[in-house]
2 protein chains.
Amino acid sequence: MAQNKKHEFAADEVVLADIAKALSHPARIAILKEIAKHDTCICGEIVEVLPLAQSTVSQHLKELLGAGVLSGSIDGTKSCYCINWKVFGKFEKTFAEFFSHAKSFETKRNCC
Amino acid sequence: MAQNKKHEFAADEVVLADIAKALSHPARIAILKEIAKHDTCICGEIVEVLPLAQSTVSQHLKELLGAGVLSGSIDGTKSCYCINWKVFGKFEKTFAEFFSHAKSFETKRNCC
DNA sequence: ATCCTTTATCGTAAATATACGATAAAGTAA
DNA sequence: TTACTTTATCGTATATTTACGATAAAGGAT
């Protein structure tokens, strides 16, 4: 794009869009589901369950870390990740508020 | 990317990721909020409330149409859009299920 | 010490997304 | 008819994302 106009939008719109972007790739959904399913630090096993190269998985993990929804720690040569439930809950709340606020305007006019 | 591996993931992960992608730009959030706020077909007024060129807004509208969350109709020279509340509700439900299913595994282990 | 394992990062290629101006298409107004 | 309005699409430039292989960095095993 010529330039990024992202920051000419309202802050809450940018926040929601950024959260949505973090969830906008099936690999990142799969990663979150896999880690949540165990609810322990997962150290390494993630690459095996995804149809992607190790470096690509590492990139997706980095994005989820950057969004704050994963926490990481290091255990020897291994890197461990787990869900940051506080942020995860914030994601949920942000979406829920967006949807319920929008729906509060619904009037069943059946316009188009 | 060399190739897109999107379809090597589970169908429900792709569905959620696609919904998230539709919501992953603040312009599209702003469009949905603006149309919802009126809950009538909006014919034309959308361009004025966004800091983007008309052709760019048209692209974002097309994406939301493609995701199914907007319905469109034509009224003379004007194009009108309104929220497809059925699909909007499906989006909400898809997110809500993802979050609540993941949270059902939360055990407060405080691992990392 | 050397070798192996594990994971992040670098370099790179290709796909996709974002944005704009120009133009086309189609209705409305005169 | 001609002129104007409205919106989609085309062409294009640039930014970002996705993906991989190669390599680096750092700990563990021998």
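Letters A, B, ... are given to chains in the order of the sequence lines, protein chains preceding strands, and every chain is numbered from 1. The structure displayed is predicted, hence computed values, not measured ones.
- For DNA chain C, the residues of residues 18-29 of chain B within the heavy-atom distance limit of 4.0 Å (strictly under) are B:K21, B:H25, B:R28, sorted by number.
- Here the P atom of nucleotide C:dA8 and the CG atom of A:D75 are 13 Å apart, to the nearest Å.
- Applying the 4.0 Å criterion to OP1 and OP2 of C:dT5, one finds that A:T77 has every side-chain N and O outside that range.
- Sequence order on DNA chain C of the closest nucleotides to A:F9 and B:I74 puts A:F9 first from the 5' end.
- At whole-Å resolution of the value, CD in A:Q54 and P in D:dT23 are 15 Å apart.
- Considering only heavy atoms from C-beta on, B:E34 stays 4.5 Å or farther from B:I31 through its side chain.
- Listed by residue number, B:Q59, B:H60, B:E63 are the residues of residues 59-69 of chain B with a heavy-atom contact under 4.0 Å to DNA chain C.
- Within the 4.0 angstrom heavy-atom criterion, base atoms lie near A:T56.
- Listed pair B:S55 / D:dC10 fails the phosphate criterion, with no side-chain N or O lying under 4.0 Å from OP1 or OP2.
- Residue B:T94 forms a side-chain contact (heavy atoms from CB on, under 4.5 Å) with just one option from B:D12, B:I19, B:D18, and that option is B:I19.
- Remark: the backbone N or O of A:K78 is not paired with any side-chain donor or acceptor of A:D75 at under 3.5 angstrom.
- Rounding to the nearest 0.5 Å places CG of A:N84 at 11.5 Å from CD1 of A:I35.
- What separates CG of B:L50 from C1' of C:dA19 is a distance of 13 Å, to the nearest Å.
- The pair A:E106-A:K103 does not meet the salt-bridge criterion, since no charged nitrogen lies less than 4.0 angstrom from a carboxylate oxygen.
- Residues B:L70 and B:L65 share a closest heavy-atom pair of O-CD2, 3.2 Å.
- Residue A:K5 places at least one side-chain N or O under 4.0 Å from the OP1 or OP2 atom of C:dC20.
- When the side-chain nitrogen and oxygen atoms of A:Y81 are compared with OP1 and OP2 of C:dT6, none of them lie within a distance under 4.0 Å.
- Sorted by first and then second residue, the side-chain hydrogen bond (donor to acceptor under 3.5 Å, both in side chains) pairs with a member in residues 52-65 of chain A read A:R28-A:H60, A:R28-A:E63; sequence neighbours excluded.
- Counting heavy atoms from C-beta on, the side chains of B:F98 and A:K33 come closer than 4.5 Å.
- Residue A:K6 contributes atom NZ, which lies 9 Å from atom P of D:dT16 at whole-angstrom precision.
- Among the protein residues, A:S79 comes within range of the sugar-phosphate backbone only, with heavy atoms under 4.0 Å from sugar or phosphate atoms but none that close to a base.
- Once rounded to the nearest 0.5 Å, the distance linking NZ of B:K90 with CZ of B:F95 reads 11.5 Å.
- Rounded to whole Å, atom P of D:dT7 lies 14 Å from atom CG of B:L70.
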